[in-house]
Amino acid sequence: MRLVLASSSPRRKELLTKIGYTYIVDAANIDESINMELDPLENVKQLGLKKALAVASSYQDDVVLGCDTIVVLDNEIYGKPKDGEDAFKMLKKLNNKTHLVISGVGIITKNKKYNFAVTSKVTFKDLTEKEIREYIATGECFGKAGSYAIQGLGKALIASYEGELDNIIGLPTKEVKEILDGIL
């Protein structure tokens, strides 16, 4: 039985390797649109499961792991920025506030489906517009939910966080490892 990661995220690959798993990658190509009728937690749970389901039929005897991570402030979901101006607007809204980072996970085996979400909190420092623009100029904000990477240069934007750092980076390794250890 193999572990299949239904994501091309370099961070998820690093985190899975860090907790001791070998795996193959078959990135799910799904519509990641947000369903406005669902709350953010249900949305991200669905996205994680949807990613796993998208490739599971090709790996019926294996374990498929899908995950999606979102940033939420005042019940509004912040995904990946479209461009620099979009990143600036997001970071300006997150500035000097505490927001949620929620990862939704779907794990599929031949006989069972696991679907859950893990929430962490991140508080931004009180940043100047110049500091925000300098961070955006590094390019690190692109391809990241909420327009920042806590594990990179983005840590300079953060005053504090509560919860699992790996979850904020993009994979709740503690919870994933508990389930995978029981399967693999």
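For K89 and E85, the salt-bridge test fails: no basic side-chain N is under 4.0 Å from an acidic carboxylate O. Look at K45 and E42 and you find a salt bridge, because one of the NZ, NE, NH1 or NH2 atoms lies within 4.0 Å of a carboxylate O, short of that distance.
Looking only at side-chain heavy atoms (C-beta outward), Y21 and L5 stay at 4.5 Å or farther from each other. Inter-residue side-chain proximity for I107 and V105 is flagged as met; some heavy-atom pair is nearer than 4.5 Å. Residues K80 and K144 have side chains not in contact (no heavy-atom distance under 4.5 Å, counting atoms from C-beta outward). Counting heavy atoms from C-beta on, the side chains of I30 and L47 come closer than 4.5 Å. Counting heavy atoms from C-beta on, the side chains of L38 and Q46 come closer than 4.5 Å. Considering only heavy atoms from C-beta on, R12 comes within 4.5 Å of T69 through its side chain. Within the 4.5 Å cutoff, no side-chain heavy atoms of T22 are placed close to those of L3. In this structure, the side chains of L127 and L157 come closer than 4.5 Å at one or more pairs of heavy atoms.
Between atom CG of residue L100 and atom CD of residue E162 there is a gap of 10.0 Å, rounded to the nearest 0.5 Å. A distance of 10.5 Å separates CD in E178 from CD1 in I19, rounded to the nearest 0.5 Å. Remark: I77 CD1 to I34 CD1 distance equals 4.0 Å, nearest 0.5 Å. How far OG of S103 is from CD1 of I168: 9.0 Å, rounded to the nearest 0.5 Å. The distance from the NZ atom of K155 to the CG atom of L165 is 10.0 Å, given to the nearest 0.5 Å.
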Checklist entry - How far apart are the C-alpha atoms of V122 and T98, what are their side-chain angles, what is the distance that settles it, and do they pass the side-chain contact (heavy atoms from CB on, under 4.5 Å) test? => result CA-CA 5 Å; V122 177; T98 299; over 6 Å; no
Next on the checklist: With side-chain contact (heavy atoms from CB on, under 4.5 Å) as the criterion, how do I102 and N43 come out once you've worked through the C-alpha distance, each side chain's angles and the decisive distance to 0.1 Å?
Outcome noted: CA-CA 10 Å; I102 310 171; N43 258 298; over 6 Å; no
Checklist entry - Hey, mind stepping through Y114 and I108 against side-chain contact (heavy atoms from CB on, under 4.5 Å) and telling me if it holds? => result CA-CA 6 Å; Y114 301 84; I108 298 175; over 6 Å; no
Checklist entry - Between L184 and V63, is a side-chain contact (heavy atoms from CB on, under 4.5 Å) present by the stated rule, with each step listed? => result CA-CA 8 Å; L184 297 171; V63 177; 3.7 Å; yes
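Side-chain heavy atoms closer than 4.5 Å link hydrophobic residues (I, L, V, M, F, W, Y) into clusters, and following such links, possibly through other members, connects I158 to I169. Follow the hydrophobic side-chain contacts under 4.5 Å out from I150 and you reach L171 in the same cluster. M1 and L180 end up in the same hydrophobic cluster when Ile, Leu, Val, Met, Phe, Trp and Tyr side chains are linked at under 4.5 Å. Grouping the Ile, Leu, Val, Met, Phe, Trp and Tyr side chains by contacts below 4.5 angstrom, directly or via other members, places F142 with L91. V118 and V176 fall within a single hydrophobic cluster, where Ile, Leu, Val, Met, Phe, Trp and Tyr are joined by side-chain heavy atoms under 4.5 Å apart, directly or via other members.
Residues P81 and D86 share a closest heavy-atom pair of CA-OD2, 3.3 Å. Annotation for S7 and V25: closest pair O-CG1, 3.2 Å, computed over non-hydrogen atoms. S120 and N167 get closest at one heavy-atom pair: OG-ND2, 3.0 Å. Residues S147 and C141 come closest through the heavy atom pair O-CB, 2.9 Å. The minimum heavy-atom distance between A52 and G106, with the atom names listed, is CB-O, 3.6 Å. Here the closest heavy-atom approach between residue A6 and residue V64 is recorded as CB-CG1, 4.2 Å.
Pairs engaging residues 60-97 under the ring pair (Phe, Tyr, Trp, His ring centres under 6.0 Å) rule: none recorded [sequence neighbours left out]. The salt bridge (Lys or Arg N to Asp or Glu O under 4.0 Å) analysis of residues 165-176, with sequence neighbours excluded, yields the pairs K18-D166. For residues 146-184, the ring pair (Phe, Tyr, Trp, His ring centres under 6.0 Å) pairs, not counting sequence neighbours, are H99-Y148, F124-Y148. Evaluation of the salt bridge (Lys or Arg N to Asp or Glu O under 4.0 Å) test over residues 51-64, restricted to residues two or more places apart or in two chains, returns R2-D62, E32-K51, K51-D68, D61-K110.
Of the N and O atoms on the side chains of R133 and T128, not one donor lies less than 3.5 Å from an acceptor on the other residue. Between the side chains of E164 and T173, at least one donor-acceptor pair of N or O atoms lies under 3.5 Å. In this structure, a donor-acceptor pair under 3.5 Å is absent between the side chains of T109 and N111. Checking T17 against Y23 by side-chain atom types alone, a donor-acceptor pair falls below 3.5 Å.
Of the possible donor and acceptor atoms, one in the side chain of Q60 sits under 3.5 Å from a partner among the backbone N and O of S57. Within the 3.5 Å criterion, the main-chain N or O of N96 finds no donor-acceptor partner in the side chain of D126.
Within a 6.0 Å radius of NZ in K97, other residues, nucleotides and ligands contribute more than 12 heavy atoms. Within a 6.0 Å radius of CG in N29, no more than 12 heavy atoms belonging to other residues, nucleotides or ligands are found. Within 6.0 Å of CG on D74 lie no more than 12 heavy atoms contributed by other residues, nucleotides or ligands.
Every salt bridge (Lys or Arg N to Asp or Glu O under 4.0 Å) that K92 has, sequence neighbours left out, goes to E129. With sequence neighbours excluded, the residues that form a side-chain contact (heavy atoms from CB on, under 4.5 Å) with T138 are Y135, E140, L153.
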